[in-house]
Amino acid sequence: MKIAILASGGNSPGMNNAVITLVKSAQLNKIDVKLIYDGFQGLLENKFYNADIRALENFSSRGNVVIGTARSKNFYQIEYKRQAIKNLKKQKIDVLVVIGGDGSYKGAASLAKLGMKVMTLPGTIDNDVASTDSTIGFYSSLHTIVESIDKIRDSFDSHSGICFVEVMGRGFSDLAVQAGIATIAEAIVTSENVLSIEEFVAIANETKKNKKHSCIFVITEKIYGINGFPTLDELAKEVEKITGRVCRVNVIGHMQRGGVPSATDRYWASMMANYCITCIKNKKFNRAIGEERRELVDVDIFKAIQMPRKHNRTQLANEFQKINRI
């Protein structure tokens, strides 16, 4: 048996732990391993390398992914998928293991349709993979956001300011909602809970009336500045004009993808990786590995990509917005 491992899409802290455990568990079970650098694009470019486990271990506390990750526009085309299969067969690969998010799962499933055996691990900070309760990297990213907002709060408390804080999530709400609850944000804005200028002003005035020094709005990316909505900068200028208070925008950005992986992400990355190899050893292929209610699970990959998208937590966001304005 011979497997190949790649990471796809955006990096997420904990991916390295998944790679390390995949390699070690495979070696323990007498399964040969190849690493594919730079995701599906690297697969198309034949970037196959032998795994040096001692070198890999040096990256267990890093938020990068040592084998690299990349998106590939070419991979959407059938001729390139067929080329990927040819490259895998040339390397005598029996199973391709893909670490990534929803798009990466669909890429893996498309290869499975062409006859390649695949396995997937949920590596994305967005926590938007429907077949698992949590994804590798989510909790590390959440910690980074909370730490950043705490520092922003310190600053804006000092001069009674208002701040729009944009977080990642590709329109999915888990990072914004959980960070907003954790940091006592006065508003938590998701794609299902979009607020107007008038609503932001009303919240700012209400919290000031309640003698709160600062006002923090936590907002999921890819909402404002598109589909006819004003940009966050435009919102901030208007809110500042109406309230007479300093109002700024802070985009936390790619810090959310880096830094030391949390213990939780390292744990689940390792557990899911080992479980993946167990499935392969037992000839259980085309499975999406995840965790449900703190137990490891595997779901048919074709079923996994068809599962309904997780619900954005609008009700929870609204409940804590009311609590946090007091």
Side-chain angles (χ1 to χ4, degrees), residues 1-9 15 17-37 39-40 42-44 46-51 65 67 69 72 75-76 78 80-124 129-136 268-292 295-307:
M1 181 76 71
K2 189 174 185 180
I3 68 170
I5 305 164
L6 66 79
S8 175
M15 278 185 166
N17 300 80
V19 173
I20 290 165
T21 302
L22 283 168
V23 172
K24 284 188 169 187
S25 185
Q27 290 179 349
L28 183 65
N29 287 283
K30 310 300 181 186
I31 297 171
D32 292 333
V33 182
K34 283 283 187 179
L35 301 178
I36 301 172
Y37 278 58
F40 286 116
L43 172 55
L44 293 174
N46 271 310
K47 292 185 177 180
F48 290 85
Y49 296 90
N50 293 324
V65 53
I67 61 174
T69 181
S72 174
F75 205 75
Y76 289 105
I78 187 64
Y80 287 100
K81 291 174 183 177
R82 291 193 177 112
Q83 183 59 50
I85 296 288
K86 288 180 181 178
N87 292 349
L88 289 163
K89 287 183 176 179
K90 188 175 180 180
Q91 293 287 334
K92 299 181 180 179
I93 302 300
D94 298 295
V95 184
L96 175 66
V97 180
V98 176
I99 310 168
D102 183 63
S104 304
Y105 276 38
K106 290 175 181 175
S110 70
L111 293 181
K113 284 183 179 179
L114 295 175
M116 186 69 210
K117 297 181 182 69
V118 302
M119 303 292 288
T120 59
L121 300 181
T124 169
V129 176
S131 57
T132 184
D133 286 346
S134 65
T135 58
I136 299 165
W268 282 114
S270 299
M271 292 293 286
M272 290 179 191
N274 185 55
Y275 186 69
C276 176
I277 297 300
T278 299
C279 287
I280 292 172
K281 181 183 176 182
N282 293 331
K283 302 188 184 304
K284 196 175 185 181
F285 307 120
N286 297 339
R287 312 299 293 180
I289 307 301
E291 63 91 5
E292 185 176 306
E295 295 289 339
L296 292 163
V297 296
D298 59 277
V299 179
D300 178 83
I301 185 62
F302 301 109
K303 180 181 177 181
I305 64 173
Q306 295 297 327
M307 291 176 73

Spell out, as yes or no, whether a donor-acceptor pair under 3.5 Å connects the side chain of [X] to the backbone of [Y].
X: T69; Y: A7; value: yes
X: N282; Y: K284; value: no
X: T135; Y: P122; value: no

Quick one, [X] and [Y] - any side-chain contact, counting heavy atoms below 4.5 Å?
X: I301; Y: T120; value: yes
X: I93; Y: F48; value: yes
X: V97; Y: V118; value: no
X: L22; Y: C276; value: yes
X: V95; Y: M119; value: yes
X: I36; Y: Y49; value: no
X: I280; Y: M1; value: yes
X: I99; Y: L6; value: no

Between the side chains of [X] and [Y], does any donor sit under 3.5 Å from an acceptor?
X: N274; Y: T21; result: no
X: Q83; Y: N87; result: yes
X: S134; Y: E291; result: yes

[X] side, atom [atom1]; [Y] side, atom [atom2] - distance, nearest 0.5 Å:
X: T124; Y: D102; atom1: OG1; atom2: CG; value: 9.0 Å
X: S110; Y: F302; atom1: OG; atom2: CZ; value: 9.0 Å
X: I3; Y: I31; atom1: CD1; atom2: CD1; value: 6.0 Å
X: N17; Y: M271; atom1: CG; atom2: CE; value: 13.5 Å

message: On a heavy-atom basis, which atom in A18 and which in L121 lie closest, and how many Å separate them?
response: CB-CD1, 4.1 Å

For the student: nearest non-hydrogen atoms of A288 and S131, plus distance: CB-OG, 4.0 Å

- request: Hey, can you tell me if F40 and F75 have their rings parallel, tilted or perpendicular (30° and 60° cut-offs)?
  value: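 Because their plane-to-plane angle is under 30°, the rings of F40 and F75 count as parallel.
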
task: Mind checking side-chain hydrogen bond (donor to acceptor under 3.5 Å, both in side chains) for K47 and listing every partner two or more places apart, or none if nothing turns up?
output: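 Checked K47 against side-chain hydrogen bond (donor to acceptor under 3.5 Å, both in side chains); matches are D38, E45.
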
field: Ion pair D94/K117, N-O distance below 4.0 Å
entry: no

task: Given salt bridge (Lys or Arg N to Asp or Glu O under 4.0 Å), test D32 with K2 step by step and report yes or no.
output: CA-CA 5 Å; D32 292 333; K2 189 174 185 180; over 6 Å; no

